[in-house]
Amino acid sequence: MRDTRESRLLLVLLIAIAFALITVDIRGGQESPVDGARQAAAAVFGPVENGVAAAVDPIGNAIGAVRDSGERHTRIAALEKENAELKAELGSDDRNRNRLRELDAMLKTAGAGQYGIKGAQVIAIGAAQGFSWTVTVDVGARDGIKRDMTVLNGAGLVGRVTTVGPSTSTVLLANDPDFTVGTRMEKSDELGFATGQGDGPLLVQLLNGKAKVKEGDRLVTFGSSGDKPFVPGVPVGEIVRVDPAGGGLTRNVYVRPYVGFTKLDIVGVVVQAPRSNPRDMVLPQKPKPAPTVTVTVTPPPPDGQQAADGQQPNENQQGQDQGDATP
């Protein structure tokens, strides 16, 4: 298409329509008029994303290479195939070990909080419907997943479900600028609201402008009415910076999230909330401080004192010798 006045007007019109749809969608919430279109897109693209994830899986590649091995007749091609299979197997073993560790950590987190979870795998980054910080997971309505369910992993809060298709779901990550979650401080119970800032730390606005907080303090989710979209007690992160108290009604702190949003793989969708609030029980144990080694150094006595001390035993010994010699 040539760069004409008509083409530029068309581009501006399309951008305006896109922003209008995004605004309507955000304001509409669960009753968004474009929710049906989003679910339809999830139904269409979900199986494709599942298929792509399966296609790039190292184990799947190795199996495919074995199946078509009969079509390769030259020795060079056979050696190349064997080399590729070996690399795929080694990579698959490392990946499976990492997945096993992530799954074990997630199960421990779910057990500590008494969350009923449905395990899932991240199969795509970003959603076809927008430009948000999102991922697609391989569970959907057929697995009992519903919109506004909490998503976590072994480290803590990952996000919440925003769109559900038959076999896949879209998860809005906690670092997205449109993401907000109620938080509660460990021990002090100070409440606030955490908002995502992309690559930066979470911005938490504490409701108490005079709250006493410091770096290293930790936060968990406060929980929502009816446990949707957030169940209580999920670890969020720890404070890395505190804005000075300015006498306002609120106070801002910055929180480093426990979850690494750029390397998600195994996650869990909370399908059943805990019977009671786990409060701080799900937070990781703080590392114990290293024991302090105390070394006591005794200074030597002055030279004069040392000389006097050295003469005393001789005098005592001399007296004892005289006493022994007396009949």
Side-chain angles (χ1 to χ4, degrees), residues 35-65 67 84 87-107 109-110 115-176 178-179 196 198-199 229 234 257-271:
D35 187 56
R38 183 167 52 233
Q39 292 183 1
V44 172
F45 290 107
V48 176
E49 292 170 337
N50 268 327
V52 172
V56 300
D57 187 85
I59 298 178
N61 289 340
I63 294 175
R67 286 177 179 173
K87 290 181 178 180
E89 290 178 1
L90 291 175
S92 177
D93 290 342
D94 292 339
R95 186 180 182 188
N96 288 337
R97 280 193 291 268
N98 291 334
R99 287 180 174 179
L100 187 60
R101 285 193 292 266
E102 290 184 20
L103 179 61
D104 182 61
M106 184 178 68
L107 292 177
T109 297
Y115 307 121
I117 64 171
K118 181 70 176 180
Q121 178 185 347
V122 174
I123 58 174
I125 301 174
Q129 303 93 331
F131 305 95
S132 305
W133 285 78
T134 60
V135 295
T136 303
V137 295
D138 62 351
V139 292
R142 297 171 184 169
D143 306 288
I145 307 302
K146 298 179 181 179
R147 185 173 178 174
D148 284 337
M149 285 184 167
T150 307
V151 183
L152 52 77
N153 66 3
L157 180 66
V158 172
R160 63 179 177 88
V161 177
T162 56
T163 305
V164 180
S167 59
T168 62
S169 301
T170 301
V171 178
L172 182 68
L173 302 181
N175 65 332
D176 187 273
D178 290 333
F179 187 96
D199 293 328
V234 181
Y258 287 124
V259 172
F261 298 106
T262 59
K263 51 183 180 181
L264 293 171
D265 187 9
I266 303 298
V267 299
V269 182
V270 180
V271 295

*Assess whether side-chain contact (heavy atoms from CB on, under 4.5 Å) is satisfied between Val259 and Leu264, documenting all intermediate values.*
CA-CA 8 Å; Val259 172; Leu264 293 171; 3.7 Å; yes

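- Two residues are said to be in side-chain contact when any heavy atoms from C-beta on lie closer than 4.5 Å; Val171 and Arg160 fail this criterion.
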_Between Thr163 and Arg147, is the side-chain contact (heavy atoms from CB on, under 4.5 Å) condition met? List the steps._
CA-CA 6 Å; Thr163 305; Arg147 185 173 178 174; over 6 Å; no

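- Using modelled atom types, no side-chain atom of Asn175 and backbone atom of Gly196 make a donor-acceptor pair closer than 3.5 Å.
- The OG1 atom of Thr109 sits 8.5 Å away from atom CD1 of Ile117, with the distance rounded to the nearest 0.5 Å.
- With contacts defined as side-chain heavy-atom distances shorter than 4.5 Å, the pair Val234/Tyr258 does not qualify.
- Without hydrogens or angle criteria, Asp143 side chain to Ile145 main chain gives no donor-acceptor distance under 3.5 Å.
- For Arg142 against Ser167, the heavy-atom pair with the smallest separation is NH1-CB, 4.3 Å.
- To the nearest 0.5 angstrom, Leu173 atom CG is 9.5 Å from Thr162 atom OG1.
- Formation of a donor-acceptor pair under 3.5 Å by the Asn153 side chain with backbone atoms of Gly156 is found in this model.
- In this structure, Leu172 and Ser132 approach most closely via the heavy-atom pair CD1-CB, 4.0 Å.
- Here the straight-line distance linking atom CZ of Arg101 with atom CG of Asn96 works out to 11.0 Å at 0.5 Å rounding.
- In this structure, CH2 on Trp133 lies 4.0 Å from CG on Asp199, to the nearest 0.5 angstrom.
- Listed by chain and number, the residues in a side chain to side chain contact (heavy atoms under 4.5 Å, CB included) with Asp265 are Arg99, Glu102, Gln121 (sequence neighbours excluded).
- With a 4.5 Å cut-off on side-chain heavy atoms, Lys146 and Val161 do not count as touching.
- Looking at Thr150, Val151, Leu152 one by one, the single match for side chain to side chain contact (heavy atoms under 4.5 Å, CB included) with Val269 turns out to be Val151.
- The main-chain N or O of Val164 is never found under 3.5 Å from a side-chain atom of Ser169 such that the two would form a donor-acceptor pair.
- In this structure, CG on Leu157 lies 5.0 Å from CZ on Phe179, to the nearest 0.5 angstrom.
- The shortest distance between side-chain heavy atoms of Leu100 and Arg97 does not fall below 4.5 Å.
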*side-chain contact (heavy atoms from CB on, under 4.5 Å) between Val137 and Val267: does it pass, once the steps are laid out?*
CA-CA 8 Å; Val137 295; Val267 299; 3.8 Å; yes

